[in-house]
There are 2 protein chains.
Amino acid sequence: MMTSTNADVTSDVVLRVLSDPLRRRIVALLAREQLCNCHLTEATGAGQTTVSNALRVLREAGMVETEPCGRFTYYRLLPEPLAGLADELSALARSARESPDHKRPC
Amino acid sequence: MMTSTNADVTSDVVLRVLSDPLRRRIVALLAREQLCNCHLTEATGAGQTTVSNALRVLREAGMVETEPCGRFTYYRLLPEPLAGLADELSALARSARESPDHKRPC
DNA sequence: GTAACGTATCACCCGATGATGACATCAACG
DNA sequence: CGTTGATGTCATCATCGGGTGATACGTTAC
């Protein structure tokens, strides 16, 4: 089956990305300020390669932007993908709240 | 701030649950009306055991309620977990939007 | 009663994916 | 230039998690 809208595909990707605890921690840290690999490695306690892999996934999903700064590479969190997913989830919650106690008969 | 620990744990669980495409489809279907296993099996094309497993995960995560109805078991989507996660994601997006171009020095 | 149906559980297989170490790359600094 | 430190990439491995079939349980129908 094909999905009909692009928004669904994007939110699917965002959900899969956020399902990993380390990536979620990184997203939370980047929500406050721009950081580079060394900060995230120290803050999370994970190995440098592990952090770099997580950042690669975030980058390919379009959730972060990179800004090379000398030897360092700063990462910035993009708000749009998160906001889009939040809206979709809100719509689902609203639909569930507004839906009557209708049961489709078997 | 509310109890931040419990909310975080719950949202973590919700994210992990929603990372699976089948579970996500089931959530979308349940957002409109209450359904039982047979409906979901037919609608998703997945096997009965597969759907039952997905529903088990949703149940244990506190995202759906079950209502036995004779031989059937109707499932109802609970809006709160979804709304809570949506709020958290919105907060992250807002924080990323409002945060200045501050880079923590290395 | 017995049969048929819906659902849940168990045991197993297998593909996906995250962690890790070795290596390559690139920029600053002497 | 050559070294050092930060970062990305590749190959490998182990673990996790979802799909599936057999089976069990409970309920309705005959």
* To the nearest 0.5 Å, what is the distance between CG (A/L15) and CG (A/L85)? -> 4.5 Å
* First and last nucleotide of DNA chain C in contact with chain B, 5' to 3', at under 4.0 Å to a heavy atom: what are they? -> C/dC5 to C/dC10
* Asked: In Å and rounded to the nearest 0.5 Å, what is the SG to OH distance from B/C69 to B/Y74?
  -> 5.5 Å
* Could you give the CZ-to-C1' distance, from B/R25 to D/dG18, as a whole number of Å? -> 15 Å
* Asked: Taking only residues two or more places apart in sequence, or in another chain, which ones meet A/R23 in a side-chain contact (heavy atoms from CB on, under 4.5 Å)?
  -> A/V17, A/S19, A/D20, A/A54, A/V57
* Structure fact -> Rounded to whole Å, the CZ-C1' distance (B/R23 to D/dG18) equals 8 Å
* In whole angstrom, give the distance that lies between atom CG of A/D20 and atom C1' of D/dT15. => 13 Å
* Heavy-atom side-chain proximity of B/E80 to B/M63 below 4.5 angstrom -> no
* **Joint cluster assignment, A/F72 & A/L29, ILVMFWY side-chain distance < 4.5 Å** => no
* Asked: If we only count heavy atoms from C-beta on, is the B/R76 to B/L30 side-chain gap below 4.5 Å?
  -> no
* **Inter-residue atom distance A/T73.OG1 - A/L35.CG, 0.5 Å rounding** => 12.5 Å
* Identify, between A/S19 and A/C69, the residue whose nearest nucleotide on DNA chain C lies closer to the 5' end. => A/S19
* Contact pattern, 5' to 3', of nucleotides 5-12 of chain D - B, S or - by protein heavy atom under 4.0 Å -> SSBBBB--
* With a 4.0 Å cut-off, would you call B/R24 and A/E88 a salt bridge? -> yes
